[in-house]
Structure formats: C-alpha cells, structure tokens
Amino acid sequence: MSSALWGTADFLGGVASKKRPPLAVVGFSQTFGLIVMLVVATATRSWGADLSYIPWAFMGSACGILGLLAFYTALANGVMGIVAPITAAGVVVPVAVGIVRGDVPTAAQAVGIVVAILGIVLATGPELRGAGDSKSVIYAAIAGVLFGLVFVALAGGGESSSIMTVTAMRIISVTGLVIAGLFARSLGGVTRADLPATAAVGAFDALANVALGAAAQNNNLTITAVVGSLYPLITAVRALRF
C-alpha cells in the first residue's frame, strides 16, 4: 500500500513540478497532508500516544522536506521514469540500519532483498543518458539518501505511534514552509486549478508514510524498507502514459 501511494504521489508531484516551483508544490501538498493527518489522528484518538515519537518526527520532517525538494527538482528537469528508480536506490540506507540494529533476514529473504535493490538500480540503466540534465541525477541521488533516512525515522517513531509520527512531521514541515513562504511573499504561482493535484499528492504521501510506519512494526525494517521502495514501478508505469 505504501509503495502504491508513494508511486502515485510522486507521479502527480512530478507533473506539478514541471509547471510550478518545487517549493510551492511541496508547500501546498504538505499542507493538505497535514489536514488529512489531523483528521486521521483525531478519528483514531491517537493524540494521547507516548511522546517518544517527537525526535523521530523532527528527523523525518527535515529529511522529508529536503528530500522532496531535491526529488521534485530532479523530476522537473529529468525523465520521470528514470529519476524515480535512482531515488529508490536510497533503500540501502534503511537496509543497512536494519542490519546494524539486529535485523537478520533468512537466506531466501536476503536473496530477495539483493534482487529487489539490483532491480531498482538496473531500472535506470539503458536510459540513464536520457535522464536529462546531469544535475537531475545528482538531485535524485540526494533525495534517495534523505528518503532512506525518513524510512528509519518512520520505523523509530512508529514504535510509539506511526500516526502521530506522521502528524507531527507534517506540523513541523508546514510550519517551516509557511515561514519560508512569508519571507518569500509568494505562493509560487499556484492557482486554484493546481489544488486538486497538490491535495492528492499530500494525502497520498501522508498515508503512505503511515502505512510504512505501521508495516515496520510487524516486520523488520530491512524487509519493510525494500518492499516500500518499489514505488518507482507505479511512477514509471504512470509516466509511460503521460
């Protein structure tokens, strides 16, 4: 579920970033994501969760915002079906963290993890030269590392509450983006016609984070991160028809 939601959000965010500045797309989508999470947190009565998720929320928020800015910048200047798999290669970060902290996959799981990661990386192979400006590849790689750290933060915060971890992440990120918008005195050219797409991006992204955090509590981080990183399949398929 996390992969499907992230893949769709990335496609819609990439399309929007070709029309509007990445910062504006991130700002509006994160705001809509916050609205969704406030409803979810209230409906599930999650506000009373243990506060140990807060440090993880700060980490996830910082890495998530910077990662999205890098990712949407890469999508705006590169080929969507190539940038997404490069970004997903950042899965090696949570996999390494999971192994260090004691996750020990079985032999079959280890083979599956290696095959999945190689598949994600090889998806960029034949068309890498067509990825657009070389800067888009660099931005995609940076986004991959940052997104990998978000996986770690979601898993850590999920031990207290995955819903409140994501809610706090959105509160922190939107606060920072509002301050940035006030200093810039601009909405980035976003119009009413852009709102449905940015709303969908924010909602799907927020729910994908919740799904990943919940999954990490029922499985080890190493396996969860790999399965959660299959989202480029959705982005690439949607991009083929764009």
Side-chain angles (χ1 to χ4, degrees), residues 1-17 20 22-69 71-72 147 150-182 187-188 190-218 224 227-228 231 234-235 238:
M1 184 184 296
S2 180
S3 289
L5 290 168
W6 261 326
T8 303
D10 287 348
F11 170 76
L12 295 174
V15 173
S17 294
R20 308 298 178 200
L23 182 59
V25 176
V26 171
F28 276 87
S29 64
Q30 289 286 296
T31 300
F32 283 114
L34 172 58
I35 294 172
V36 169
M37 289 313 304
L38 290 175
V39 173
V40 171
T42 301
T44 57
R45 300 180 180 178
S46 298
W47 293 100
D50 180 82
L51 298 179
S52 59
Y53 64 83
I54 291 180
W56 294 108
F58 272 99
M59 171 184 169
S61 178
C63 293
I65 287 295
L66 294 175
L68 284 172
L69 288 174
F71 183 59
Y72 288 161
F147 287 160
V150 171
F151 275 55
V152 176
L154 289 171
E159 294 181 3
S160 171
S161 170
S162 58
I163 290 176
M164 287 310 302
T165 299
V166 179
T167 301
M169 284 172 58
R170 292 296 173 273
I171 291 173
I172 295 167
S173 61
V174 169
T175 299
L177 288 166
V178 167
I179 293 174
L182 290 174
L187 295 178
V190 174
T191 65
R192 182 176 299 179
D194 299 316
L195 296 183
T198 54
V201 171
F204 291 161
D205 178 62
L207 295 176
N209 278 275
V210 173
L212 193 284
Q217 304 315 304
N218 298 304
T224 301
V227 177
Y231 58 86
I234 305 298
T235 306
R238 292 294 303 271

CD1 of Ile35 to CD of Gln30, rounded to nearest 0.5 Å, is 12.0 Å
Donor-acceptor pair, Ser160 side chain versus Gly157 backbone, under 3.5 Å?
no
To the nearest 0.5 Å, atom OG of Ser173 lies from atom CZ of Phe58 at 11.0 Å
side-chain contact (heavy atoms from CB on, under 4.5 Å) for Leu68 and Phe147? Distances and angles first, verdict last. CA-CA 8 Å; Leu68 284 172; Phe147 287 160; 4.0 Å; yes
Heavy-atom distance under 4.5 Å between the side chains of Val152 and Trp56, does that happen here? yes
Distance col, row Ile54:CD1 vs Ser61:OG, nearest 0.5 angstrom, shows 12.5 Å
Val40 and Thr167, any side-chain heavy atoms less than 4.5 Å apart: no
Between Val227 and Ser3 the two heavy atoms that sit nearest each other are O-OG, 2.6 Å
Distance col, row Ser17:OG vs Tyr72:OH, nearest 0.5 angstrom, shows 6.0 Å
Kindly indicate whether the side chain of Phe151, heavy atoms from C-beta on, has any atom under 4.5 Å from the side chain of Thr224. no
Sorted by chain and residue number, the side-chain contact (heavy atoms from CB on, under 4.5 Å) partners of Ala168 (sequence neighbours excluded) come out as Tyr53, Ala57
Show me the side-chain donor-acceptor pairs of residues 200-213 shorter than 3.5 Å, one per line, residues at least two apart or across chains.
{"from": "Asp205", "atom 1": "OD1", "to": "Trp6", "atom 2": "NE1", "distance (Å)": "3.0"}
{"from": "Asp205", "atom 1": "OD2", "to": "Arg170", "atom 2": "NH2", "distance (Å)": "2.6"}
{"from": "Asn209", "atom 1": "ND2", "to": "Asp205", "atom 2": "O", "distance (Å)": "2.6"}

d(Thr42 OG1, Trp47 CH2) to nearest 0.5 Å is 5.5 Å
Sorted by chain and number, sequence neighbours left out, side chain to side chain donor-acceptor pair (under 3.5 Å) with Thr175 holds for none
One should read off an interatomic distance between Asp50 CG and Met164 CE, to the nearest 0.5 angstrom, of 11.5 Å
Minimal heavy-atom distance between Ser161 and Thr165, with the atoms involved, is O-OG1, 2.7 Å
Exactly one of Val174, Asp194, Leu23, Thr198 clears side chain to side chain contact (heavy atoms under 4.5 Å, CB included) with Phe28, and that residue is Thr198
